[in-house]
Every structure is written in structure tokens, then in C-alpha cells.
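Heads up, the thing below is written out as C-alpha cells.
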Amino acid sequence: MQTFVYDQPASRVIFGIGAFARLREELERLGVRRPVFISTPGRRSDAERAAKDLIGMTAAVHAEAVMHVPIETVRAAREAAERHEADSIIAFGGGSAMDTSKAAGLECELPIVAVPMTYGGSEVTPFYGYTEDGFKKGKRDRKMLPKTVIYDPALTVSLPANVSGPSGINAIAHCVEGLYAKDANPIMSLLAAEGIRALARSLPAVVRAPANLAARADALYGAWLAGVVLGAVGMAVHHNISHVLGGTFNLPHADVHTVILPHAAAFNRDAASEAMRIAAEALGAKDAAQGIYDLELRIGAPTSLKEIGMPADQLDRAAKLITDHPYYNPRPVEYSAIRQLLEDAYHGRTNLSLGI
């Protein structure tokens with residue numbers, strides 16, 4: 001048995017079809033009456049409808065969260081909460097809404113109830129990411145953790161297939177990297193493997209039939225486990241690369257994770273062989289990297305950086321940014337190998353069996 005430290009804060013989770021109906025109950029449990037919903041512009045009408053349903057409470061809506069959470073949007077959310085004299089925040093939507101809510105909640109010292117509608121897992125992590133001056137940054141503090149997370153699969157059925165698939169692969173990335181994290185432990189590894197299994201079996205069904213509530217519930221379950229893993233142990237080269245590409249080049253967050261993940265798994269195959277064995281087994285594949293890539297093909301997800309807008313003439317710069325500030329990784333993060341990884345990912349090369 002390996003030596004490890006397990007340090008996981010408790011959280012309250014309400015999970016199930018129709019669980020969103022318990023929002024008022026959770027707010028009353030916290031003793032609050034002036035919540036502000038924080039969402040993206042695309043969720044504005046849903047948030048406004050939910051706010052009106054909180055009869056007897058004074059709810060406001062701030063629907064200005066955006067991808068990669070520019071620091072200016074954090075300030076705007078904080079100011080919106082202050083104008084409303086909010087006593088709580090309802091994080092309503094995907095990762096952008098979650099991170100903006102956690103940032104504003106931490107600054108304003110307000111409790112958060114999270115209502116996630118994608119599979120990124122940010123709702124159960126004690127940190128948020130944001131961009132400033134073209135670079136992805138982050139802050140960690142357990143005080144930002146939501147008091148309650150409400151997972152209602154019915155709220156995810158409107159998520160388009162081309163968003164659902166990459167969002168789920170993003171969650172698988174948390175699990176895969178959690179298996180070879182510097183501070184990995186047996187409990188998180190169990191959750192990571194189960195998260196991969198749940199997402200691998202559910203995402204094809206979600207993409208094929210978006211209204212399939214059983215598949216949506218399975219995917220949301222896997223995403224919850226992935227978020228717990230992400231929040232409990234460190235990440236490595238996959239997240240290192242994805243954060244640079246997303247934050248500096250403004251590429252779509254989940255799509256970047258999707259494209260990079262099979263290449264990162266191939267990169268670490270030999271250095272983290274037991275982790276890759278567990279991941280492959282959970283995927284039902286002989287090889288983790290190839291299994292991830294094959295799953296992406298099944299769900300119609302993007303498989304190349306070129307197709308999601310990465311400029312070819314910026315690959316050198318990206319490799320330098322990644323290797324100048326490397327995260328922990330079981331294999332050394334060196335320029336030539338990372339530059340080759342980016343080249344392969346740019347073209348969506350499919351032969352991952354030999355690694356990089």
C-alpha cells in the first residue's frame with residue numbers, strides 16, 4: 001500500500017431527476033432570501049424564469065459570465081452582487097458560471113448553491129480559473145466551495161450534442177490525470193476509474209439521443225466524480241497544455257481538453273503505466289490513448305487543434321509557454337517533446353499506439 005494523504009472536505013449534494021425543485025429548500029436551509037443568479041448570456045432566460053419562481057424571495061440575475069473568465073467579468077459579477085445587496089449566489093450553468101460565481105462569492109464572502117448544467121466538474125472544486133493579460137491563472141481556497149450542489153439531469157437535456165460530448169471528455173481528462181497526479185491516492189483513483197466508466201458508457205447515448213434521461217444522469221454522475229477528483233489531487237501535463245491553449249489563444253475550453261487528452265495520455269503512457277492500465281480498463285480498451293481517441297470519434301467530437309481555431313504559426317510559442325512554466329508530470333515536460341505533441345494534435349494524427 002502506498003503512503004498517501006487523503007484530505008477531502010465534505011459537501012452536500014442533491015442528485016436526481018427533478019432535484020432542481022429543491023432549490024428554495026436549500027436557500028431556506030442557508031437562511032438566505034436575496035440570491036443573485038450568475039449565468040452566461042445563453043442561460044439568461046432560464047435564470048430569470050427560475051428567479052421568478054422563488055416567490056417570497058428577492059432574486060436577481062447577472063447573466064454575463066463568459067468562457068475563460070476574464071478578470072473583468074469577475075469584477076462585474078462582484079459589483080452586481082453588491083448592487084443587489086445579495087446574501088447568496090446561485091451558480092447556474094456550466095464551468096464559466098461556476099468559476100465566476102466562486103470568484104465573486106469568495107470576494108463577497110457569500111454562500112453558493114451550484115446548479116451545474118454541463119460536465120466540467122467545477123462545482124465541487126475549491127479553486128477557480130480566470131484569464132488576465134492573456135494568461136490563464138487561478139486561485140484556490142476552500143471557502144469558495146458551494147454549500148450545496150444540485151445535480152438535475154433534466155436540466156442538461158437542452159445541451160447540444162456538440163457541447164455535451166467535449167464537456168464529458170473534459171471530465172474524463174480530470175479522471176485520467178487524477179490517476180497519475182503527484183498526490184494521487186487510492187480513494188481518488190477509485191473515483192477516477194468509476195468516473196471514466198460512467199462517462200465512457202453514457203456519452204455515446206447522450207450524443208445519439210440528447211433527451212435520454214438515464215444517459216444524462218449517468219454522465220452527470222461521472223462528471224460529479226471527475227470534479228471531486230479534480231478538486232482533491234493535482235493535475236499534470238494535459239491541463240498544463242489545455243490552460244495555455246485556452247487562456248492565451250482563446251480556444252474553446254472543452255474542445256481543447258478533448259483534442260489534447262489522447263495525446264497527453266500517449267505522452268505519459270510509459271511514465272505512468274499503471275494509471276494508463278486503469279484508464280484503459282475503465283474505457284473498455286486495450287490502450288488508454290487510443291481508447292479516448294476512438295470514443296471521441298464515436299461522439300463526433302473535434303480531434304485536431306486546426307479545426308478548433310489554433311493558429312499553426314503559434315505552436316512554437318505555445319510549446320515555450322507550456323515548458324517555461326510546467327506543472328508536475330510523471331514524464332519530464334521538455335520543449336521538443338511538447339512541440340511534437342502539439343504538432344500531432346494540430347493535425348489530429350490518429351496513430352497513438354507508439355506514443356510520442
Side-chain angles (χ1 to χ4, degrees), residues 66-74 95-96 99-100 103 120-122 125 127-140 166 169-170 172-174 176-178 180-183 230 233-269 271-272 289 292-293 301-349 352 355-356:
V66 298
M67 185 176 65
H68 301 309
V69 193
I71 190 64
E72 297 80 11
T73 65
V74 172
S96 300
D99 277 9
T100 304
S122 178
T125 65
F127 51 81
Y128 65 85
Y130 65 98
T131 51
E132 185 174 24
D133 300 326
F135 293 97
K136 191 89 171 192
K137 302 178 181 180
K139 185 166 186 177
R140 173 183 286 269
I169 299 295
N170 181 20
I172 290 176
H174 305 332
V176 170
E177 291 230 296
Y180 53 69
K182 184 177 183 179
D183 50 355
L230 175 66
V233 298
M235 296 291 110
V237 71
H238 167 83
H239 283 75
N240 190 177
I241 295 169
S242 298
H243 290 166
V244 168
L245 296 183
T248 302
F249 302 101
N250 200 37
L251 300 183
H253 177 80
D255 288 351
V256 168
H257 278 276
T258 298
V259 172
I260 293 299
L261 183 57
H263 298 277
F267 182 86
N268 280 331
R269 181 188 288 114
I292 294 163
Y293 189 88
T303 55
S304 73
L305 290 176
K306 182 178 181 179
E307 69 184 290
I308 63 172
M310 179 66 190
D313 62 1
Q314 292 299 306
L315 294 177
D316 289 345
R317 181 185 175 213
K320 188 173 190 308
L321 288 171
I322 292 159
T323 53
D324 280 352
H325 303 282
Y327 295 10
Y328 161 82
N329 193 65
R331 173 180 170 180
V333 179
E334 298 171 339
Y335 180 86
S336 60
I338 293 299
R339 182 60 181 81
Q340 184 61 57
L341 184 157
L342 292 176
E343 187 72 23
D344 291 341
Y346 181 81
H347 294 288
R349 290 175 181 153
L352 297 162
I356 294 171

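The first residue in the sequence is number 1, and the count goes up from there. What you are looking at is a predicted structure, and each value in this text was computed from that prediction instead of being measured.
Rounding to the nearest 0.5 angstrom, the gap separating the CD atom in Gln314 from the NZ atom in Lys320 is 13.0 Å. Going from atom CG of Asp344 over to atom CZ of Arg339 covers 10.0 Å, rounded to the nearest 0.5 Å. To the nearest 0.5 Å, atoms OG1 (Thr100) and OH (Tyr130) are separated by 13.0 Å. One finds the CZ atom of Phe127 at 14.5 Å from the NZ atom of Lys139 (value rounded to the nearest 0.5 Å). Rounded to the nearest 0.5 angstrom, Ile292 CD1 and Ile260 CD1 are separated by 12.0 Å. In this structure, NE2 on His243 lies 12.0 Å from OG1 on Thr131, to the nearest 0.5 angstrom.
Here the side chain of His68 pairs a donor or acceptor atom with the backbone of Gly246 at under 3.5 angstrom. At distances below 3.5 Å, not a single donor-acceptor pair connects side-chain atoms of Asp183 with backbone N or O atoms of Val233. The backbone N or O of Tyr327 sits less than 3.5 Å from a side-chain atom of Asn240, completing a donor-acceptor pair. Between the side chain of Glu307 and the main chain of Thr303, a donor-acceptor pair closer than 3.5 Å is present. A donor-acceptor pair under 3.5 Å is formed between the side chain of Thr248 and the backbone N or O of Gly134. Without hydrogens or angle criteria, Asn170 side chain to Gly120 main chain gives no donor-acceptor distance under 3.5 Å. Put simply, the side chain of Glu177 gets close to the backbone of His239: a donor and an acceptor are under 3.5 Å apart.
Here the shortest heavy-atom pairing between Ile308 and Pro302 reads CG2-CB, 3.7 Å. For the pair Ala337 and Arg331, the tightest heavy-atom approach, listed with the atom from each and the gap, is CB-NH2, 3.7 Å. In this structure, Ile71 and Glu132 approach most closely via the heavy-atom pair CG2-CG, 4.0 Å. The two residues Pro326 and Val333 make their nearest non-hydrogen contact at CB-CB, 4.0 Å. Leu245 and Ala318 get closest at one heavy-atom pair: CD2-CB, 3.8 Å. Across all their heavy atoms, Pro262 and Ala289 have their closest contact at O-CB, 3.3 Å.
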Check the pair Tyr335 / Asp316 against side-chain contact (heavy atoms from CB on, under 4.5 Å), numbers first and verdict last.
CA-CA 9 Å; Tyr335 180 86; Asp316 289 345; 3.5 Å; yes

Could you go through Ser242 and Val256, starting from their C-alpha distance and side-chain angles, then the distance that decides it, and tell me whether this counts as side-chain contact (heavy atoms from CB on, under 4.5 Å)?
CA-CA 6 Å; Ser242 298; Val256 168; 3.8 Å; yes

Check the pair Thr323 / Glu334 against side-chain contact (heavy atoms from CB on, under 4.5 Å), numbers first and verdict last.
CA-CA 6 Å; Thr323 53; Glu334 298 171 339; 5.8 Å; no

Quick one: do Phe267 and Asn329 satisfy side-chain contact (heavy atoms from CB on, under 4.5 Å)? Show the steps, please.
CA-CA 10 Å; Phe267 182 86; Asn329 193 65; 3.6 Å; yes

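Under a cut-off of 6.0 angstrom, the local environment of NZ in Lys137 is crowded, with over 12 non-hydrogen atoms contributed by other residues, nucleotides or ligands. Atom NE2 of His347 has more than 12 heavy atoms from other residues, nucleotides or ligands within 6.0 Å.
Contact annotation: the side chain of Ser96 never approaches that of Val66 to less than 4.5 Å [non-hydrogen atoms, C-beta and beyond].
Donor-acceptor pairing under 3.5 Å is lacking for the side chains of Tyr293 and His263. A side-chain donor-acceptor contact under 3.5 Å links Tyr180 and Asn268.
Classification of the His238-His257 ring pair by plane angle, with boundaries at 30° and 60°, yields tilted.
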